[in-house]
2 protein chains.
Amino acid sequence: MKTVYERADIVPLLAEIFRELGYEGATLSRITERTGIGKGSLYHFFPGGKEEMAGAVLADIDGWFEEAVYRPLRNDDARQAIAAMWLNVADYFRSGGRICLVGAFALDGTRERFSAAIGDYFIRWIEALRSALMRAECAEREAQTLAEEGVCGIQGALVLSRALKDEAVFTRSLETLAKRLEAATR
Amino acid sequence: MKTVYERADIVPLLAEIFRELGYEGATLSRITERTGIGKGSLYHFFPGGKEEMAGAVLADIDGWFEEAVYRPLRNDDARQAIAAMWLNVADYFRSGGRICLVGAFALDGTRERFSAAIGDYFIRWIEALRSALMRAECAEREAQTLAEEGVCGIQGALVLSRALKDEAVFTRSLETLAKRLEAATR
DNA sequence: GTCTATATGGAGATAGAC
DNA sequence: GTCTATCTCCATATAGAC
């Protein structure tokens with residue numbers, strides 16, 4: 001077991017704990033318990049305490065999406081980037097077994113604390129998808145609607161699959177969404 | 001100001017507080033503060049404490065949906081019931097200004113505590129909507145897909161409108177969903 | 001039924017030895 | 001950097017007077 005860490009090692013561990021327990025539910029004792037990292041170390045890396053930890057997690061998530069999803073949507077071949085998005089998203093959310101922390105924070109009392117990061121994440125996702133749809137010869141109005149519908153549907157699918165404890169719902173929903181967007185492009 | 005209560009008076013107040021602050025964020029002191037009801041009274045009505053309070057809220061929500069949405073979907077004129085659903089839902093969620101507590105609990109660490117009630121709420125919603133769609137001459141497979149897509153889309157729209165603090169996203173998403181279902185029935 | 005006072009536990013956070 | 005010990009505060013919950 002590793003006993004010397006840096007921030008970058010810890011953030012993904014924190015992410016899983018916040019995802020599973022929520023912001024309030026992720027107490028410091030549970031964090032030390034699950035990671036094996038003592039409070040002393042945690043406060044060494046995150047002097048701002050729990051709020052800084054969650055902020056770092058959100059920044060990390062944002063970075064991943066920017067690189068793996070948004071940038072390709074904005075710059076690469078549009079239809080290919082959209083197809084890659086569905087695959088990456090299904091993978092990232094483990095077919096619905098893993099929730100979207102940003103979405104969960106948005107519904108939570110946590111929202112106010114991180115509202116800038118939360119809003120940004122979704123705005124940029126929708127905008128990047130809209131850009132890809134327009135390059136794929138979607139009409140302007142339809143591109144906006146479909147981009148919102150796509151991001152919206154992913155979030156809903158996560159809620160539903162988690163509520164029903166049924167990953168098939170997630171997979172099915174993503175397939176339906178993918179077909180809708182596919183049908184509107186060429 | 002009313003000073004004598006019964007359970008039925010308190011439950012809706014609790015509902016708003018849980019919606020706004022989440023299960024963990026809704027502390028007893030904040031509850032007494034916002035409702036003006038002392039801890040003594042709260043424990044008088046809900047001897048099981050906060051968990052019983054949240055359970056009562058979920059049961060109340062479930063009852064409202066059963067009556068206002070699910071039953072009409074199962075029994076009334078299908079197309080009319082579906083149209084009424086969109087209106088009732090937009091109204092109930094205050095055009096996205098109010099979240100779905102059941103969905104929020106599903107994403108939260110709270111899920112395990114109430115998983116039966118949470119699963120039930122969504123299963124019955126989807127099933128009722130599917131039933132209406134089939135009576136409106138939707139093919140069996142398509143009815144299942146569209147029912148899931150509808151419920152899913154509503155939840156996603158709530159996440160998104162809350163994240164972006166923009167109720168227009170909610171309204172727009174519901175319109176898009178309504179059109180999709182409308183197009184598949186007759 | 002409602003209030004005030006209080007018990008008890010665990011929360012986030014800090015100090016300082018190593 | 002990591003640990004243990006400890007601080008303070010507020011959480012849920014209870015007791016008992018009125």
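The figures here come from the full heavy-atom set of this structure, side chains too, leaving out hydrogens, waters and symmetry mates. Labels below follow one simple rule: chain letters A, B, ... track the order of the sequence lines, proteins then strands, and each chain is numbered from 1.
One atom, CD of Glu52(B), and another, C1' of dT14(D), lie 16 Å apart when rounded to the nearest Å. Distance CD (Glu51(A)) to P (dA13(C)): 9 Å, rounded to an integer number of Å. Between Ile10(A) atom CD1 and dT2(D) atom C1' the separation is 11 Å, expressed in whole Å.
A heavy atom lying under 4.0 Å from DNA chain C marks none of the residues of residues 23-31 of chain B. Contacts between residues 37-50 of chain B and DNA chain D, counted as heavy-atom distances below 4.0 Å, involve Lys39(B), Tyr43(B), Gly49(B), Lys50(B).
Remark: Arg180(B) engages Glu149(A) in a side-chain hydrogen bond (donor to acceptor under 3.5 Å, both in side chains) (not counting sequence neighbours). Considering only residues two or more places apart in sequence or on other chains, Glu112(B) meets the salt bridge (Lys or Arg N to Asp or Glu O under 4.0 Å) condition with Lys165(A). Partners of Arg30(B) under the salt bridge (Lys or Arg N to Asp or Glu O under 4.0 Å) rule, at least two apart in sequence or in another chain, do not exist in this structure. With sequence neighbours excluded, the residues that form a salt bridge (Lys or Arg N to Asp or Glu O under 4.0 Å) with Asp120(A) are Arg124(A). Take Phe18(A) and apply the ring-ring contact (aromatic ring centres under 6.0 Å, His included) test, not counting sequence neighbours, and it matches Tyr23(A).
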For residues 139-147 of chain A, please give each side-chain donor-acceptor pair under 3.5 Å, one per line with the distance, not counting sequence neighbours.
residue: Gln144(A); atom: NE2; partner: Glu148(A); partner atom: OE2; Å: 2.9
residue: Thr145(A); atom: OG1; partner: Arg141(A); partner atom: O; Å: 3.1

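Legend: side chain to side chain donor-acceptor pair (under 3.5 Å) pairs involving residues 37-46 of chain B, not counting sequence neighbours: none detected.
For an aromatic pair to be called close, the ring centres must be under 6.0 Å apart, and Phe45(B) with Tyr5(B) fails this.
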